[in-house]
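Reading through the C-alpha cells given below for one structure.
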Amino acid sequence: MAGILVVAEVIGGELSPTSLELLGAARKLSSEGAGSVTAFVAGEDHAQALISGGADAVVAGTAAFTSYDTYLPAVDAAIEQSGADIVLVGQSSLGRDLGPAIAFRHKVAVSMDTNAMGIDNGRLRATRSAYGGNARAEHTFQGDLQVVTVKGKQFDALEPDSSRTGSVTTTDAIGETSISIVSTDKAESEGIKLEDADAIVSGGRGLGDAAGFAGLEELAALLGGAVGASRAACDLGWYPPSQQVGLTGKTVTPNLYIAVAISGASQHMAGMTGAKNIVAINKDEDANMVRVSRFAVIEDYKNVVPALVEEIQKLL
Amino acid sequence: MKIIVCVKQIPDPETPAASFRVDEAAKKVVPAQGIAPVVNPYDPQATEAALRLKEAAGEGSVTVVSLGEESARDAIKHALAMGADEGVLVTGPEFDGIDNFQTAVALAKTIEKLEGADLVLMGRASADWDMGVVPSGVAQIMGVPFVSVAKSIDNNGGILRVERVLDDGFQTVDVPTPAVVSISNEFGEPRYPQLRQIMLAAKKTVQVWGADDIGIAGSESGEANRWFPLEALYVPTVESNVEIIEGDSPEEKARNLALKLRDAKLV
Ligand SMILES: Cc1cc2nc3c(=O)[nH]c(=O)nc-3n(C[C@H](O)[C@H](O)[C@H](O)COP(=O)(O)OP(=O)(O)OC[C@H]3O[C@@H](n4cnc5c(N)ncnc54)[C@H](O)[C@@H]3O)c2cc1C
Ligand SMILES: Nc1ncnc2c1ncn2[C@@H]1O[C@H](COP(=O)(O)O)[C@@H](O)[C@H]1O
C-alpha cells in the first residue's frame, strides 16, 4: 500500500507553517498517484487543522516527546498505520535530526533540504541543490521508504477547507533517550520574523562593523520589514545567527529583499533566491548579488542607506 | 577520553559560480582549474573541539579519519598539524561514487575497527552535497546518542554538556558518552597550524585501509549500490536583468532608487 506521511510540527502551540506547506506538497504527490495523505503530529489539538490543510488521516502521538529521538517509535507507528512509503519532514531544528534518524532506522536514504518532488513510475524523484547552490541534483531512492526533508517556503499550503473530514487515531509510542534538555533559549526576536517579513534588509561583511546594521534597521522599520544578515556578518558577531539568511540559515521569500554589502555567494543565495524583487547596494558592480538583482546601486552603502531612508520617508 | 574526528576533503565551496562546472553525462563536478580541494569547512572546527576537550582533560587521544581519494591525506595532515595524534585514510576504488549513506556505513565500520570511541566528532554537513546525514547515520549504526549542530562542548566526567544552535535560539543538552556530536560554524575559529606543528605532523602515522580492511562487501560498495541514486546533476541557469540605478551622486542614486521602488509598488 502506498501513501504519504507528513510529519507535522507544533512550535509554540501552533502548527508550523511548513507543516501545512508539506501537506500542500503531499496532496500534489497524491494527485500524481502517490496514495493518501496521513499526518503525524504530537498531541491531538491540531488534528482538524491538518485535515483542513489536506490530510486524509491523522495519527496523533500522545506521549510527552522531548529530544528528537523520542519521536522515532511514534513516527514508525504512523508509518505502519498509514502504510506510507513516502515520509515528508520539515527541515526545522527538529526535522533536520528526525529525517536522517527515520531514514537510517529503515536503512534508506533521506533527501535533505529538497526543492522539488515528483512521482515517476510510482516512485519519488527529488530535486535538491548541492555544492552550496551551484548545482542541482535529481535523485531516486532505493528501498521501501522514501524520506524527504523540506525547508519552509518551498511549497504552497492549500487554502484550509474545514469541510474536509478524516480519521484521527492515536499512538502512545515514545522512544527512550539519554539526551536531557537542560535549557532552551529563544533568541529574542523583536518585531517581524524573517520568514514572515514582506520586506527584508540584509547586511554583509562589507558593512565593516556591527554599527552598520543600525541604518539597515532603520530602513527595515520604515518598510515594515525585518533585518537579515550574511553568515560572514553573523560569524563576525555583528548580528545573531537566528537572523542568518542562506543555506545554513533561514530561507526567505519576501516581496522585497535589499542586500547591502553582500557579495551573493551561492550559499547565501540558496536562502533568498525566492525573493520576488532583489535590490543590491554594493561597491562592486561585478558582485554576484548585483547580477541577480532587479535594481542595483553601485556605491558605498554608507552614502546610500541614510539617503534612501530619507527619500522613502518623503514618499510615504 | 578517546575521540575520533571525521574529516572530508571536498571541492572548495567558495568556488565562484562562474568557475563551477558539471560533467552532466558523468554526473560529476569538474574540478575547477587552479582551485585546490579543501577540508570541509566545519571539519577543522570538529578537530578544534576534540583538541580543546583533550587539552581540558589533560589526557586522551584524537584520531582523525577520512574516507576519500588518496588526496584526502591532506585533510588528515591538516588535522594532525592542528594537533591530532594519528590518522586513518580509508580509500579504494570500492568507494568511488558512493553516497553519504554508504559513507556513514563505511565510517561506522572504520570506527568499529578502531575499537570505538568515547566521542565521535564531525561537521554539521559537508559543503559538497550539503546533506548533513553522516553523523546521524554513524550514531545510529554505533547505537549511541547523537547531538547535532553544536556551538560548544564541555565534558563533566563523562557527561557532555552541549550547546546547540536552533532555528530560533540555542539549546543546552546533557548527553552521556559514548556519543556522536556534529559541530557548527558557531563553534568559532579553529586554530591555525604553525610551521613547527606541520613538520611534527609529518612524523605522525597515517594508516591506510581499504574496503576489505573495514569489512565492506562488494554488494555494498560503489556507485551501483547507492542508497540514493543520482539521476541527474546540472548547473541551474540564472539570467541577469539588473537595472543599474544611475545618478550623479550617492544621494541622487538613492532618490532614483526610492522612485523606482515606488513605481514598482515595492514601498
Ligand atoms: C557550508 C557553507 C555554508 C554556508 N552557509 C551560508 C549561509 O547560510 N548564509 C550566508 O550568507 N553565507 C553562507 N556561507 C558563506 C558564503 O560562502 C560566503 O562566504 C558569505 O555569504 C559571504 O558573506 P558576505 O557577502 O557578507 O561577504 P563578502 O563575500 O566578503 O562580501 C562583501 C560584499 O560587500 C561589498 N562591500 C564592501 N564594502 C562595501 C561598502 N562600503 N559598501 C557597499 N558594499 C561594500 C563587497 O563588494 C562584497 O560584495 C556558507 C559557506 C559554506 C562553506
Ligand atoms: N568521506 C568522509 N570522510 C570523513 N568524514 C566524512 C565523510 N563524509 C562525511 N563526513 C563527516 O560527516 C560530516 C557531515 O557530512 P555529510 O553528512 O556528508 O554532510 C562531515 O562534516 C564530516 O565530519
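Heavy atoms only: backbone and side chains are in, while hydrogens, waters and symmetry mates are out. Here is how names work: the chains are called A, B, and so on, in the same order as the sequence lines, proteins then strands, and each is numbered from 1. Computed from a predicted structure; not experimentally measured.
- Chosen from A:Ala135, A:Ser180, A:Ala137, A:Ala130, the residue pairing most often with chain B at heavy-atom distances under 4.5 Å is A:Ser180.
- Contacts between A:Ser111 and chain B at a heavy-atom distance below 4.5 Å involve backbone atoms as well as side-chain atoms.
- Residue B:Val147 touches chain A through its side chain alone, counting heavy-atom pairs closer than 4.5 Å.
- For B:Ala127, the part sitting under 4.5 Å from any heavy atom of chain A is the backbone (N, CA, C, O) and nothing else.
- Closest non-hydrogen pair, A:Arg96 versus B:Val165, comes out as NH1-O, 4.0 Å.
- Of the atoms belonging to B:Ala125, not a single heavy atom falls under 4.5 Å from chain A.
- Only the side chain of A:Gln267 comes within contact range of chain B, with heavy atoms under 4.5 Å apart.
- Across A:Gly143, A:Ser242, A:Gly132, the residue that shares the most heavy-atom pairs under 4.5 angstrom with chain B is A:Gly132.
- The minimum heavy-atom distance between A:Gln142 and B:Pro229, with the atom names listed, is NE2-CG, 3.8 Å.
- More than 12 heavy atoms of other shown residues, nucleotides or ligands fall within 6.0 angstrom of atom NZ in A:Lys153.
- The closest side-chain heavy-atom distance from A:Thr273 to B:Val238 is not below 4.5 Å.
- For chain B, no part of A:Asn288 is nearby; none of its heavy atoms comes within less than 4.5 Å.
- Proximity to chain A (any heavy atom under 4.5 Å) is shown, for B:Phe187, by neither the backbone nor the side chain.
- Counting heavy-atom neighbours within 6.0 Å of B:Lys265 NZ, excluding the residue itself, gives a total of 12 or less.
- How far CG of B:Leu166 is from CG of A:Asp185: 9.0 Å, rounded to the nearest 0.5 Å.
- In this structure, chain B has a heavy atom under 4.5 Å from the backbone of A:Val108, while its side chain stays farther away.
- A distance-only check finds no donor-acceptor pair linking the side chain of B:Asp168 to the backbone of A:Lys186 [under 3.5 Å].
- Contacts between A:Leu247 and chain B at a heavy-atom distance below 4.5 Å involve the side chain alone, from C-beta outward.
- One finds the CD1 atom of A:Ile258 at 6.0 Å from the CG atom of B:Leu261 (value rounded to the nearest 0.5 Å).
- Considering every non-hydrogen atom in both A:Pro100 and B:Ser136, the closest pair reads CB-OG, 3.5 Å.
- Per-residue heavy-atom pair counts under 4.5 Å with chain B were compared for A:Leu308, A:Leu94, A:Thr184, A:Asn134, and the maximum is reached by A:Asn134.
- With a 4.5 Å cut-off on side-chain heavy atoms, B:Lys253 and A:Val304 do not count as touching.
- Under the 4.5 Å side-chain criterion, counting only non-hydrogen atoms from C-beta, B:Val149 is not in contact with A:Asp97.
- Interface remark: B:Arg255 contributes backbone and side-chain atoms alike to the contact with chain A (heavy atom separation under 4.5 Å).
- Exactly one of A:Asn255, A:Val279, A:Asp198 qualifies for a side chain to side chain contact (heavy atoms under 4.5 Å, CB included) with B:Leu266. That residue is A:Asn255.
- When A:Asp69, A:Val290, A:Val292 are compared by the number of non-hydrogen pairs under 4.5 Å with chain B, A:Val290 comes out ahead.
- Ranked by non-hydrogen atom pairs under 4.5 Å with chain A, the options B:Ile159, B:Asn225, B:Asn185 are led by B:Asn185.
- Looking at B:Val29, only its side chain comes within 4.5 Å of chain A, counting heavy atoms on both sides.
- Contact annotation for A:Ala265: neither backbone nor side-chain heavy atoms come within less than 4.5 Å of a heavy atom of chain B.
- At distances below 3.5 Å, not a single donor-acceptor pair connects side-chain atoms of A:Ser293 with backbone N or O atoms of B:Val242.
- Ranked by heavy-atom pairs under 4.5 Å with chain B, the list A:Ile278, A:Thr140, A:Thr177, A:Ile181 is led by A:Thr140.
- Taking chain B as the reference chain and counting heavy-atom pairs below 4.5 Å, the highest number among A:Asn277, A:Leu223, A:Val309 is found for A:Asn277.
- B:Arg226 touches chain A through backbone and side chain together, each having a heavy atom under 4.5 Å away.
- You'll find the side chain of A:Arg105 reaches within 4.5 Å of the side chain of B:Gln140, heavy atoms only.
- Ring pair B:Trp227/A:Phe104 is tilted by interplanar angle, where 30° to 60° counts as tilted.
- Residue A:Leu256 touches chain B through its side chain alone, counting heavy-atom pairs closer than 4.5 Å.
- The contact between B:Pro11 and chain A is made entirely by side chain atoms (from C-beta outward), counting heavy-atom distances below 4.5 Å.
- Nearest heavy atoms, B:Arg161 versus A:Val182: NH2-CG2, 3.7 Å.
- With a threshold of 4.5 angstrom between heavy atoms, A:Glu285 approaches chain B through side-chain atoms but not through N, CA, C or O.
- At a threshold of 4.5 Å between non-hydrogen side-chain atoms, the residues A:Lys107 and B:Phe101 do not count as touching.
- Heavy atoms of A:Asp113 lying under 4.5 Å from chain B are absent altogether.
- The CG atom of A:Asp235 sits 6.5 Å away from atom CD of B:Glu186, with the distance rounded to the nearest 0.5 Å.
- Between A:Arg128 and B:Asp130 no salt bridge is recorded (no basic side-chain N to carboxylate O distance below 4.0 Å).
- Counting all heavy atoms, side chain and backbone alike, B:Glu251 lies closest to A:Asn303 at OE2-O, 4.2 Å.
- For chain B, the nearby parts of A:Thr248 are the backbone and the side chain; heavy atoms of each come within less than 4.5 Å.
- Heavy-atom neighbours of B:Glu252 CD from other residues, nucleotides or ligands within 6.0 Å: above the threshold of 12.
- Within the 4.5 angstrom heavy-atom criterion, only side-chain atoms of A:Lys250, from C-beta onward, approach chain B.
- In this structure, chain B has heavy atoms under 4.5 Å from both the backbone and the side chain of A:Ile298.
- Heavy atoms of B:Asp174 lying under 4.5 Å from chain A belong to its backbone as well as its side chain.
- Side-chain atoms of B:Ser240 come within 3.5 Å of backbone N or O of A:Arg291 as a donor-acceptor pair.
- Note that CZ of B:Phe170 and OG of A:Ser93 are 11.0 Å apart. Values are rounded to the nearest 0.5 Å.
- Within 6.0 Å of CG in A:Asp144 there are 12 or fewer heavy atoms belonging to other residues, nucleotides or ligands.
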Applying side chain to side chain contact (heavy atoms under 4.5 Å, CB included), run through A:Ile179 and B:Val162 and close with a yes or a no. CA-CA 10 Å; A:Ile179 300 169; B:Val162 185; over 6 Å; no
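- Using a 4.5 Å cut-off on side-chain heavy atoms (C-beta onward), A:Glu311 and B:Asn256 make no contact.
- Nearest heavy-atom pair, A:Ser178 versus B:Pro145, reported as atom, atom and distance to 0.1 Å: OG-CG, 3.4 Å.
- Paired with A:Ile312 under the rule side chain to side chain contact (heavy atoms under 4.5 Å, CB included), one option of B:Val267, B:Leu259, B:Leu257 passes, and it is B:Val267.
- Within the 4.5 angstrom heavy-atom criterion, only side-chain atoms of B:Phe20, from C-beta onward, approach chain A.
- For A:Gln313, the CD atom is densely surrounded, since the number of other residues' heavy atoms within 6.0 Å is greater than 12.
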